[in-house]
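To find a chain, count down the sequence lines: A is the first, B the second, and so on, and within it residues start at 1.
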Amino acid sequence: MNHQADDKIIIEQILNGDKQAYTLLVKRYQQKVFRLCMGFMHNPDDAADLTQEVFIKAYQKLSTYKGDSKFSTWLYRVSVNMAINSQRKQKIRATFNFYDNGNETQQIADTRYADENINELEQKQMVKKILDSLPASQRKAIVLSHYEELSNKELAEVMGLSVKASESLLYRARSNMQKMIKKQK
Amino acid sequence: MKNCKHTEECLIAFDGKSTIDKETIAHIQQCESCNTLYANTLSFHEAIHNEKKTQSPPFLATRVMAALEKVEKQGIIQFNLRRELQLVFVGIALILGIFSSVFFNKGHEPAENTPVLTDYFFTENTGIEQQWLNFDNYENEQ
C-alpha cells in the first residue's frame, strides 16, 4: 500500500475518533516538517516548537483536508503558513523587547553556538540574514525547494500557483538571494 | 571565455549540487569578484545542507501527543467555563429583570395621600363635566 492511500486510511481513523492513530502521521512526517521549520527558524529548539505547533494545528484542522492533494502537500501548506506567521510574531516581539532582552538573547545565542566553530556560525547567520530579507512568498519557495527539495510541480501545488508561476517565483527568489550573497563580501 | 554576467546567471541556477560548465569555472578562477561570489554561494549552500542534516528531537511525536492532550483539555475546560458563565449571566439577567420590574412599578402604585378618584363622581361640584352631562337639558332650554 502506498503512503498516500495509507495516509487517507489513517486520517479516516482519526476523524472517527481514534486519536492515537495521529501518532503514526506525526512519526511519518515529523522529520520533513522539522526540516522545513529549520529553514525558517534556523535553530533546532525553535524548529521543534514550531513543528509541535504545526502538528497540533494540523490535527485541529484535519477535517478540512479533502483528500484532493497528497497529505504531505496539505501539511507543507499548513507548515509554511504557520512558519511565516511565527516569524512575524517573532519580529514584533523582538521590536518590543529590543531594549530589555537584547543582551540576554545574544547570550543564549552565544551559549548555543559555543561548540560550533566560528565559520559555521557565520554561515548560519548569513543564511538567516539572506532568507529573512526575502519577501514571504519567495522565502517559502526557497525553503520548499532547497530544504525539502520539492520539484517545481510540487512547489506549485503547495503554493497554490501554476507551474510557470512557481518557476518564475523561484527564479526571482534565487536572483534576490544572489544579490544578497554578493553584498556579503 | 564566459563573462561575469553569464557566471552570475549560472550561479543563480546553481543549487549546491548541480555542475558548472568548464568555461564558467575557468572564468571564476580568473575573475576575483566572480570567485568571491562563487565561494559565498558555495558557503551558503553548505550552510543549508548542514541545517537540513539536523535531526528532529527523538521524542517529538510523544511531545506532540502530550501537547495535543493538554490543548484539548484546556479547550474542554474553556468550553465548560463558557457554558457556566452563560448560565450565571442568564440567571443574573433574570433576577435583575424581576427586581427592576418590581422597583419601577412602584412608581405607578397610588400613594396613600392620593385622593380616590371614585369619590369625585359623588360630589356635587363636578364643574364643567356637569354642564356637559346636562347638555340635553341645555338643548331643551333653547
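Side-chain contact between B:Ile20 and B:Leu11 is present, with heavy atoms from C-beta onward closer than 4.5 Å. In this structure, A:Arg139 and A:Gln87 have side chains that are in contact, with non-hydrogen atoms separated by less than 4.5 Å.
Taking both residues in full, the closest heavy atoms of A:Glu148 and A:Arg35 are given as OE1-NH2, 3.3 Å, listed atom of the first, atom of the second, then distance.
With a 4.5 Å cut-off on non-hydrogen atoms, A:Asn176 does not touch chain B at all. Of the two parts of A:Leu131, only the side chain, counted from C-beta on, holds a non-hydrogen atom closer than 4.5 Å to a non-hydrogen atom of chain B. Heavy atoms closer than 4.5 Å to chain B are found in the side chain of A:Glu149, but not in its backbone. Looking at A:Leu25, neither its backbone nor its side chain comes within 4.5 Å of chain B, counting heavy atoms on both sides.
Against chain B, the residues from residues 55-82 of chain A that qualify, each with a non-hydrogen atom under 4.5 angstrom away, are A:Phe55, A:Ile56, A:Tyr59, A:Gln60 in number order.
Atom NZ of A:Lys19 has more than 12 heavy atoms from other residues, nucleotides or ligands within 6.0 Å. Around NZ of A:Lys27, the count of heavy atoms belonging to other residues, nucleotides or ligands within 6.0 Å does not exceed 12.
Most heavy-atom pairs under 4.5 Å with chain A: of the set B:Glu69, B:Met65, B:His49, this distinction falls to B:Met65. Contact count against chain B (heavy-atom pairs under 4.5 Å) is highest for A:Asp49 among A:Asp49, A:Thr51, A:Leu170.
Using cut-offs of 30° and 60° on the angle between ring planes, the pair B:Phe14 and B:Tyr38 is tilted.
The pair B:Glu51-A:Lys124 fails the salt-bridge criterion, with no side-chain N (NZ, NE, NH1 or NH2) lying under 4.0 Å from an Asp/Glu carboxylate O.
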(message) Between A:Gln30 and B:Val64, does the side chain to side chain contact (heavy atoms under 4.5 Å, CB included) criterion hold? Intermediate values first, please.
(response) CA-CA 10 Å; A:Gln30 68 175 39; B:Val64 168; over 6 Å; no

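Side-chain N or O atoms of A:Gln178 include one that pairs as donor or acceptor with a backbone N or O of B:Glu8 at under 3.5 Å.
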